[in-house]
Amino acid sequence: MQSRSTKVADLSLEASGCCVRCRVVAVTVAAQMGAGEGDAVSCSEVLVGDETGCISMTLVGDQVELLQPGRSFEAENCAVEVFQKSLRLSVGRWGRIAILQPGLTCDVNLQNNLSTEAL
């Protein structure tokens, strides 16, 4: 993927169709959701970030296994949404996630957590 990346600190509620390069800090929630017809879909919430800040991200389906703590990735066609009064980064149907090799070497800035800021 050769896209211009947006830094986490520059993300806002109006952001859509953006590309970010982040490292997974932690998986905070993992669950199975009903998808209808008795099918279950894995979902999780992870904290991701770069040297400018961090944000929660919702993962669904194959994305859950792809992104584990410590892995660096690039996500294309992302959007920032509000869920339960906090900002979340999401990769929708038309988005794509790719593992970065080599990974990011920066320390994630946990002090600037966009998901904990008051809206």
Side-chain angles (χ1 to χ4, degrees):
M1 290 184 215
Q2 295 294 330
S3 302
R4 185 169 177 265
S5 293
T6 301
K7 293 294 185 183
V8 171
D10 296 331
L11 294 172
S12 67
L13 190 53
E14 294 82 31
S16 67
C18 59
C19 175
V20 295
R21 289 175 173 237
C22 294
R23 189 169 71 223
V24 178
V25 177
V27 176
T28 56
V29 176
Q32 296 284 324
M33 290 179 23
E37 302 290 324
D39 294 331
V41 175
S42 296
C43 67
S44 66
E45 183 176 302
V46 297
L47 185 64
V48 301
D50 61 18
E51 70 276 7
T52 66
C54 58
I55 189 167
S56 293
M57 182 175 185
T58 303
L59 303 176
V60 179
D62 294 338
Q63 297 172 346
V64 173
E65 294 299 320
L66 189 62
L67 297 184
Q68 298 297 318
R71 285 194 178 159
S72 297
F73 66 96
E74 181 175 65
E76 277 187 342
N77 204 15
C78 296
V80 176
E81 302 169 341
V82 175
F83 179 71
Q84 295 181 346
K85 297 184 181 180
S86 69
L87 295 179
R88 297 281 189 272
L89 183 66
S90 66
V91 178
R93 178 179 307 165
W94 309 114
R96 188 167 81 162
I97 295 176
I99 300 300
L100 292 176
Q101 296 292 342
L104 299 178
T105 57
C106 63
D107 290 329
V108 174
N109 182 349
L110 299 175
Q111 302 302 313
N112 185 22
N113 188 337
L114 302 182
S115 295
T116 60
E117 292 180 3
L119 295 179

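Just so it is clear, the values below take in all heavy atoms, side chains as well, and ignore hydrogens, waters and symmetry mates.
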Query raised in the report: Is the shortest heavy-atom distance from the side chain of Asn113 to the side chain of Leu47 under 4.5 Å?
Result: yes

**Report entry** Closest contact, heavy atoms only, Leu87 versus Ile55
**Finding:** O-CG1, 4.0 Å

Requested in this report: Enter the distance from Arg21:CZ to Glu76:CD here, rounded to the nearest 0.5 Å.
Outcome: 9.5 Å

Report task. Report the distance from atom CG of Leu11 to atom CG of Leu89, rounding to the nearest 0.5 Å. Result -> 6.0 Å

Query - Expected output: side-chain Ser115 to main-chain Ser56 donor-acceptor under 3.5 Å - result: yes

Query raised in the report: Can you hop from Val24 to Leu59 via hydrophobic side chains spaced under 4.5 Å?
Result: yes

Query raised in the report: Can you tell me if CG on Asp62 sees more than 12 non-hydrogen neighbours from other groups inside 6.0 Å?
Result: no

**Report entry** Asp107 versus Arg23, closest heavy-atom pair with distance
**Finding:** CA-NH2, 4.0 Å

Query - Residues forming a side-chain hydrogen bond (donor to acceptor under 3.5 Å, both in side chains) with Gln101, sequence neighbours excluded - result: none

Query raised in the report: Which heavy-atom pair separates Val27 from Ser44 by the least distance, and what is that distance?
Result: CG1-CB, 4.2 Å

Query - Val20-Leu13 co-clustered via ILVMFWY side chain contacts under 4.5 Å - result: yes

Query - Minimum heavy-atom distance between Leu104 and Cys22, given as atom pair plus value - result: CD1-C, 3.5 Å

Query - Non-hydrogen atoms of Val8 and Cys54 that approach each other most closely - result: CG1-N, 3.6 Å

**Report entry** From Ile99 atom CD1 to Glu74 atom CD, the distance as rounded to the nearest 0.5 Å
**Finding:** 11.0 Å

Query - For Asn112, side chain to side chain contact (heavy atoms under 4.5 Å, CB included) partners two or more places apart - result: Ala9, Asn109, Leu114, Glu117

Query raised in the report: Is there any salt bridge (Lys or Arg N to Asp or Glu O under 4.0 Å) pair reaching into residues 42-51, and which pairs are they, with sequence neighbours excluded?
Result: Lys7-Glu51, Glu45-Arg88

Query - Inter-residue atom distance Cys19.SG - Asn77.CG, 0.5 Å rounding - result: 9.5 Å

**Report entry** Flag side-chain contact, heavy atom, 4.5 Å: Val80 against Ser12
**Finding:** no

Query - Single-linkage hydrophobic cluster Val46~Val82, side-chain heavy atoms < 4.5 angstrom - result: yes

Report task. Report yes or no: does Glu65 contribute a side-chain atom to a donor-acceptor pair with the main-chain N or O of Gly61 at less than 3.5 Å? Result -> no

Query raised in the report: Cluster question for you: counting only ILVMFWY and a side-chain heavy-atom cut-off of under 4.5 Å, with indirect links fine, are Val64 and Val91 together?
Result: yes

**Report entry** Heavy-atom side-chain contact between Phe73 and Met57 under 4.5 Å
**Finding:** yes

Query raised in the report: Okay, side chain of Arg71, backbone of Leu66: is any donor-acceptor separation there less than 3.5 Å?
Result: yes

